[in-house]
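Only a predicted model underlies this, so the values are computations on that prediction, with no experimental measurement involved.
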Amino acid sequence: MPEHNADLVILGGGSGGYASALRAAELGMSVVLVEKDKLGGTCLHRGCIPTKALLHAAEVADAAAEGAKIGVRSTFEGIDMAGVNSYKDGVVGRLYKGLQGLVKSRKIELVQGAGTFVAPNAIDVDGERYVGRHVVLATGSYARSLPDLEIGGRIITSDQALTLEEVPKKVVVLGGGVIGVELASVWRSFGADVTVVEALPRLVPNEDAFASKLLERAFRKRKIAFKTGVRFTGAKQDDNGVTVSLESGEEIEADLLLVAVGRGPNTTGHGYEEAGVTMERGFVLTDERLHTNLENVYAVGDIVPGLQLAHRGFAQGIFVAEDIAGLNPPPIDEAGIPRVTYCEPEVASVGLTEEQAREKHGEIQTLTYDLGGNGKSQILQTSGAIKLVKAGAEGTPGPVVGLHMVGARVGELIGEAQLIYNWDASADDVAALIHAHPTQNEALGEAHLALAGKPLHTHG
């Protein structure tokens, strides 16, 4: 069997894998990157980038429909899905080409093919063996379904949702997490009737309850129906549509059923268990430095238990490359990874929820700042709020340990929010900073002013 040797061999060219490859090459290592599909993985081709392109198209559709509210004579006449898909695919294509160029410029050996982890230091691709002093497993995730629910026809996952050739008239979205509410938001803006079904008691159940409440209020206003705390029991489809059954006995007729019940680790068939990697429920277990139980073998991204976010995998990939190079980077704090749901309105957060903060710190203080007091939010005609969670009782010093935001474009505020959390800033630290006026970013400053005991644009 032909054998190729490198300092680092990486299985998977998604966000975690390619970030690790780029950083390792930058640090002087020889790198082999194995990818069976397209460089960039799910995020670039079937996830973050195409969905956000659709969400931008939805924002433009909403702006056209609501122009009269601000004196602009615009109307929404419908969606040309061929045009939307061309725009979306153009964005993906340009980023893909750029990423290919980056990998080539760093002299990374890109191997196209399905890789199998055959030994603690080797990946086999079509009979060729790539041996590394270190190996990174980064095979990403897949769209989950439910037992006895077969994907096909009118029952789709996010993979098929991104390539639809026409806007459905009526959709049921199974799952009220990030993927579900984002695509529900897109289809509503495109003119569809949408119903979200979530088995847990609230939408975006991993967020602070404050965020769920505001998002549900906004969805009601947008006439996006949702049913929480109710379980799905089955679906039947024919040429005319799909009938979705709930445990309550209710049946919902629709053109499409989107199954958005989360993503599973893509670890089956890659040889992990056979090679002795410790696994649990399909995930690869690691320590805080992302080492597996095998010497010199790391795992990053969606196959490692925790947040399934592209930027988490990206950061982990960089961390591993630097760890291998002996730079001793600090472990990544999962709570310090920013989270954004890009529906309308957006939901953004970093740090601990109120419930988590009480469990960890005991006494805490919370403060909610309504975007009604923010000039730019009024200009954008968005409602929402920012909630801060501070460690320690009112009147005692303590860092801000949770920031939760709901409103149009609040995802753009997460940069400062994650610095506040990750640098252990107090309300006084942030209150002393000057935020440009009028910006939505100013709302973060106002919220911290209020938490520091000197509220300005707040009532009560």
Does the pair L44 and V92 meet the rule for a side chain to side chain contact (heavy atoms under 4.5 Å, CB included), with working shown?
CA-CA 6 Å; L44 177 54; V92 171; 4.3 Å; yes

Could you list all the salt bridge (charged side-chain N to carboxylate O under 4.0 Å, His left out) pairs where at least one residue sits in residues 425-443, not counting sequence neighbours?
none

Flag the pair [X] / [Y] as yes when at least one side-chain heavy-atom distance between them is below 4.5 Å, and no otherwise.
X	Y	value
Q356	V389	no
L174	L146	yes
V401	I364	no
F219	V181	yes
L403	H448	yes
Y272	T139	yes
F232	V244	yes
V196	I224	yes

If you compare all heavy atoms of [X] against all heavy atoms of [Y], which two are closest, and at what distance to 0.1 Å?
X	Y	answer
A447	I386	CB-CG2, 4.2 Å
A385	L371	N-CG, 3.8 Å
A143	T157	CB-CB, 3.8 Å
T439	N374	O-ND2, 2.9 Å
R106	L22	NH1-O, 3.3 Å
A161	L258	CB-CD1, 4.2 Å

A quick test of your reading: do over 12 heavy atoms of other residues, nucleotides or ligands sit less than 6.0 Å from [atom1] of [X]?
X	atom1	answer
D148	CG	no
E66	CD	yes
R231	CZ	no

Starting at [atom1] of [X], measure out to [atom2] of [Y] and round the result to the nearest 0.5 Å.
X	Y	atom1	atom2	value
L162	I49	CG	CD1	11.5 Å
E109	K104	CD	NZ	14.0 Å
D159	T42	CG	OG1	7.0 Å
Q112	E35	CD	CD	7.0 Å
H270	T268	NE2	OG1	7.5 Å
L257	I151	CG	CD1	7.5 Å

Under the ring pair (Phe, Tyr, Trp, His ring centres under 6.0 Å) test, which residues partner F319, sequence neighbours left out?
none

Between S20 and L8, is a side chain to side chain contact (heavy atoms under 4.5 Å, CB included) present by the stated rule, with each step listed?
CA-CA 9 Å; S20 192; L8 180 61; 4.0 Å; yes

Worked check of side chain to side chain contact (heavy atoms under 4.5 Å, CB included) between V178 and R339
CA-CA 10 Å; V178 174; R339 309 172 292 271; over 6 Å; no

Enumerate the side chain to side chain donor-acceptor pair (under 3.5 Å) contacts for [range], please, sequence neighbours excluded, ordered by first and then second residue.
range	value
residues 242-264	S141-R263, K227-E250, T243-E253
residues 78-96	Y96-Q100
residues 179-208	K52-E182, D62-S189, S185-R222, S189-R222, R202-S212, E207-S349, D208-K387

Do the side chain of [X] and the main chain of [Y] share a donor and acceptor less than 3.5 angstrom apart?
X	Y	value
T267	G282	yes
R144	V259	no
E59	E344	no
E394	Q365	no
K390	G392	yes
Q237	R154	yes

Qualifying residues under salt bridge (Lys or Arg N to Asp or Glu O under 4.0 Å), relative to [X], sequence neighbours excluded:
X	value
R46	D37
E334	R312
R358	E354
E26	R23

Take V173 and L183 through the test side chain to side chain contact (heavy atoms under 4.5 Å, CB included) and record every step on the way to the result.
CA-CA 8 Å; V173 176; L183 286 168; 5.7 Å; no

Selection residues 400-430 - residue pairs positive for ring pair (Phe, Tyr, Trp, His ring centres under 6.0 Å), sequence neighbours left out
none

Among residues at least two apart in sequence or on other chains, which ones pass side chain to side chain donor-acceptor pair (under 3.5 Å) with Q418?
N422

Sequence neighbours left out, what passes side-chain contact (heavy atoms from CB on, under 4.5 Å) with E346? Give chain and number order.
Y342, V410

